[in-house]
Amino acid sequence: MNKNIVYIESSVRNLFFHFASEIVQASGKYSDYSKVLREDHRFLECYRNLTVNMDYIVKPIENDFLLKTGEKIPISRRRKAEVIEQYTTYFINRRGF
């Protein structure tokens, strides 16, 4: 199931799982779900309360990631270098360079 999650996000009192074809609202704590997802090497917390499946990232564009779904999600400005480095390492390893 994890491979079908594009990203998860949390706002004030809501938790959302974004799939390619639907968005599902869930109950529970973002931190609990995010922690489990980040044990999978595909997932990266790129912004506060937002964890993305790197398999769905097309490329970074300025302060965002462009996703295969056409959406843009933000990259933390404070952690940008770290986030981009993690994505680049994942991308290189996935491609087998």
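K68 has no carboxylate O lying under 4.0 Å from a charged side-chain N of D55, or vice versa, which leaves the two without a salt bridge.
Between F65 and Y87, a ring centre-to-centre spacing shorter than 6.0 Å is recorded.
What you find for A20 and T69 is that their closest heavy atoms are CA-CG2, 4.2 Å. For the residue pair I75 and P60, the shortest heavy atom distance occurs at CD1-CB, 4.4 Å.
Going from atom CD1 of I23 over to atom NE2 of H18 covers 4.5 Å, rounded to the nearest 0.5 Å. Between L15 atom CG and S27 atom OG the span is 8.0 Å, to the nearest 0.5 Å.
With contacts defined as side-chain heavy-atom distances shorter than 4.5 Å, the pair F16/I8 does not qualify. At a threshold of 4.5 Å between non-hydrogen side-chain atoms, the residues N53 and V6 do not count as touching. For the pair R79/Q86, a side-chain contact is recorded, criterion being any heavy-atom separation below 4.5 Å from C-beta on. Looking at V36 and D32, their side chains never come closer than 4.5 Å, going by heavy atoms from C-beta outward. With a 4.5 Å cut-off on side-chain heavy atoms, N63 and P74 do not count as touching.
Side-chain N or O atoms of R38 include none that pairs as donor or acceptor with a backbone N or O of T51 at under 3.5 Å. Between the side chain of K80 and the backbone N or O of E62 there is at least one donor-acceptor pair closer than 3.5 Å.
Around OH of Y47, the count of heavy atoms belonging to other residues, nucleotides or ligands within 6.0 Å does not exceed 12. Within a 6.0 Å radius of CD in E85, no more than 12 heavy atoms belonging to other residues, nucleotides or ligands are found.
When the side chains of ILVMFWY residues are joined at heavy-atom separations under 4.5 Å, either directly or via intervening members, F19 and Y33 end up in a single hydrophobic cluster. In this structure, Y56 is a member of the same hydrophobic cluster as F91, with clusters built from ILVMFWY side-chain heavy atoms closer than 4.5 Å.
The closest side-chain donor-acceptor pair between E45 and Y7, if any, does not fall under 3.5 angstrom. In summary, the side chains of Q25 and N14 do present a donor paired with an acceptor at a separation below 3.5 Å, with no hydrogens or angles considered.
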* Verify salt bridge (charged side-chain N to carboxylate O under 4.0 Å, His left out) between D40 and K3, making sure each step is shown before the conclusion. => CA-CA 10 Å; D40 181 326; K3 69 179 182 175; over 6 Å; no

